[in-house]
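Computed from a prediction, not measured in an experiment: that's the story for all the values here. Each residue takes its place number in the sequence, starting with 1.
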Amino acid sequence: MAETTGSDAATGDAAPQPRKSSWKYIGPGIVVAATGVGAGDLVATLIAGSNFGYTLLWAAVIGCVVKISLAEAAGRWHLATGRTLFDGWASLGRWTTWFFVVYVVIWGYVYGAAAMSSSGLPLQALFPDVMDLKWWGMLTGVVGLVFVWFNKYAVFEKVMTVLVGIMFVVTVYLAIRVTPHLGDAFAGLLPVLPDEKDSVLNTLGLIGGVGGTITLAAYGYWVNAKGWTNAGWMKVMRLDNRVAYITTGVFVVSMLFVGAELLHSANVAIASGDKGLVQLSDILEKEYGSATAKMFLIGFFATSFTSLIGVWHGVSLMFADFVERYRKQRAGADSKTLTGEEVASGAREKSVPFRAYLLWMTFPPMILLFQGQPFRLIIIYGVLGAAFMPFLALTLVWLLNSSRTPREWRNGMLSNGMLTVAGLLFLVLCVKQITDQDWSSFF
């Protein structure tokens with residue numbers, strides 16, 4: 001077990017020996033896949049299948065490939081430089097720090113309510129006479145808080161792996177149960193746009209929405225938390241990352257199959273958002289019986305709850321990293337560098353900033369469960385959320401093409417191409433998100 005948690009960098013070797021790529025090391029990839037694919041991603045893919053059949057299957061696959069390049073770049077930065085991603089951002093100027101602070105405070109507040117509500121929905125559907133949705137949501141938030149508060153990364157990873165197993169079994173079972181037309185599915189791998197208004201933007205939205213959140217940036221922190229802290233783990237990280245997005249692809253493609261076969265063929269529409277999955281459980285019960293519907297709701301809960309505890313852990317790690325840099329600056333420390341070894345030590349997970357952000361994501365958002373979501377705050381949340389992904393992609397291009405990264409591990413043509421495409425894709429979606437907001441009502 002020492003191999004999976006130890007750090008070669010601590011030995012002081014200038015050139016750490018590369019680890020052999022092996023399935024036994026896989027872990028952070030499972031965590032990022034589970035966290036990145038939330039109920040909203042499954043609904044978006046389900047609706048794409050219900051509206052267009054298999055036409056946009058290729059877009060879902062491309063979405064996974066784009067995220068592979070982003071997560072690989074984040075992990076490569078952590079391993080190649082020995083520094084954390086926030087440390088890299090801070091080296092680009094103070095503007096990155098201000099963006100991160102505003103983003104993480106507002107985003108965490110609104111996301112906390114959304115994650116608790118999403119996790120509570122399937123529980124309310126499974127136990128309808130026990131209590132209201134808001135109380136289920138609060139319960140899941142507190143359970144997530146307690147779990148992350150008292151457990152380090154190793155336990156967190158094991159629990160996430162179990163929940164991913166449940167998600168995998170449920171989504172694959174449903175995909176097989178609806179009896180997909182494989183010929184049509186293979187035809188869906190050809191890049192064809194639906195014949196409707198705004199089809200390009202809708203397609204880009206599907207590509208960008210496949211597991212794309214701040215958890216892509218958290219991947220490098222989970223890599224360090226696993227004990228991978230130097231370039232000797234690069235091959236292992238790349239295999240781990242591929243596993244992450246192959247797993248993501250299975251979830252997304254399975255739900256697109258369900259949408260195409262169960263909803264599209266019957267011309268059945270469902271609501272956008274998490275409630276669409278509750279509607280789907282009702283449809284499944286009519287078609288295949290209550291056992292299948294309950295199995296789906298258990299998978300729905302696993303999907304939502306993994307996103308909740310994944311964000312509770314990963315983004316809290318990033319926030320603790322930000323606070324540690326600020327503390328070093330205030331103290332006038334000779335070295336302000338934030339290293340992966342500090343994350344690997346586990347000290348961050350027991351720090352006051354880590355736990356303070358956990359509390360911030362859990363208790364203040366409960367107000368929104370009772371009062372509803374304030375309009376202006378939701379607009380700001382939407383804009384900041386849309387801006388984060390182009391910020392991540394384009395800053396990674398900057399960092400991984402500069403002298404901040406050892407020459408051996410800088411971007412090649414393929415990496416630059418993929419990250420640039422990702423940055424432009426998310427920039428277009430960001431502009432669309434901004435223009436779609438009701439700014440007249442905001443002011």
Any non-hydrogen side-chain atom of Trp136 less than 4.5 Å from a side-chain atom of Val130?
yes

Determine whether the aromatic ring centres of Trp312 and Phe354 lie less than 6.0 Å apart.
no

Shortest non-hydrogen pair, Leu139 vs Met131, comes out as CD2-CE, 3.8 Å

In short, Val170 meets Gly299 closest at the heavy-atom pair CG2-CA, 3.9 Å

Can you tell me if Asn151 uses its side chain to pair, donor with acceptor, with the backbone of Phe156 under 3.5 Å?
no

Nearest atoms (heavy-atom pairs only) where Leu277 meets Ala39:
CD1-CB, 3.8 Å

Aromatic rings Phe388 and Tyr103: how do their planes relate, parallel, tilted or perpendicular, breaks at 30° and 60°?
parallel

Is there a side-chain contact between Asn411 and Arg76 (heavy atoms, below 4.5 Å)?
yes

Phe319 and Phe100: CA distance, side-chain angles, deciding distance, ring-ring contact (aromatic ring centres under 6.0 Å, His included) verdict
CA-CA 9 Å; Phe319 181 77; Phe100 178 79; 7.4 Å; no

Quick one: side chains of residues 110-125, donor-acceptor pairs under 3.5 Å with protein atoms, not counting sequence neighbours, listed by atom name and distance.
from: Ser118; atom 1: OG; to: Asp274; atom 2: OD2; distance (Å): 3.1
from: Ser118; atom 1: OG; to: Ser304; atom 2: OG; distance (Å): 2.8
from: Ser119; atom 1: OG; to: Ala115; atom 2: O; distance (Å): 3.1
from: Ser119; atom 1: OG; to: Ser304; atom 2: O; distance (Å): 3.4

Verify, without hydrogens or angle tests, whether Arg410 (side chain) and Thr405 (backbone) share a donor-acceptor contact under 3.5 angstrom.
yes

Heavy atoms of Met295 and Val169 approach each other most closely as CE-CG1, 3.9 Å

Between Ser69 and Leu419, what is the shortest heavy-atom contact and its length?
O-CD2, 3.8 Å

Are side-chain heavy atoms of Ser307 and Val37 found at a separation under 4.5 Å?
no

Could you check if a side-chain atom of Thr292 sits within less than 4.5 angstrom of a side-chain atom of Leu174, using non-hydrogen atoms only?
yes

Anything under 30° is parallel, anything over 60° is perpendicular, the rest tilted; go ahead and classify Trp228 against Trp233.
parallel

Could you report the tightest heavy-atom contact between Thr203 and Pro194, atom names first, then the distance?
OG1-CD, 3.9 Å

Per the ring-ring contact (aromatic ring centres under 6.0 Å, His included) rule, which among Phe391, Trp95, Phe99 passes with Trp89?
Phe391

How about CZ on Phe168, more than 12 heavy atoms from neighbouring residues, nucleotides or ligands closer than 6.0 Å, or not?
no

Look at the rings of Tyr381 and Trp107 and say which category their plane angle falls in: under 30° parallel, 30 to 60° tilted, over 60° perpendicular.
parallel

Could you check whether any side-chain heavy atom of His264 comes within less than 4.5 Å of a side-chain heavy atom of Phe52, counting everything from C-beta outward?
no

Are side-chain heavy atoms of Val146 and Val143 found at a separation under 4.5 Å?
no

Could you check whether any side-chain heavy atom of Phe251 comes within less than 4.5 Å of a side-chain heavy atom of Asp41, counting everything from C-beta outward?
no

Within the 4.5 Å heavy-atom criterion, are Tyr219 and His78 side-chain neighbours or not?
no

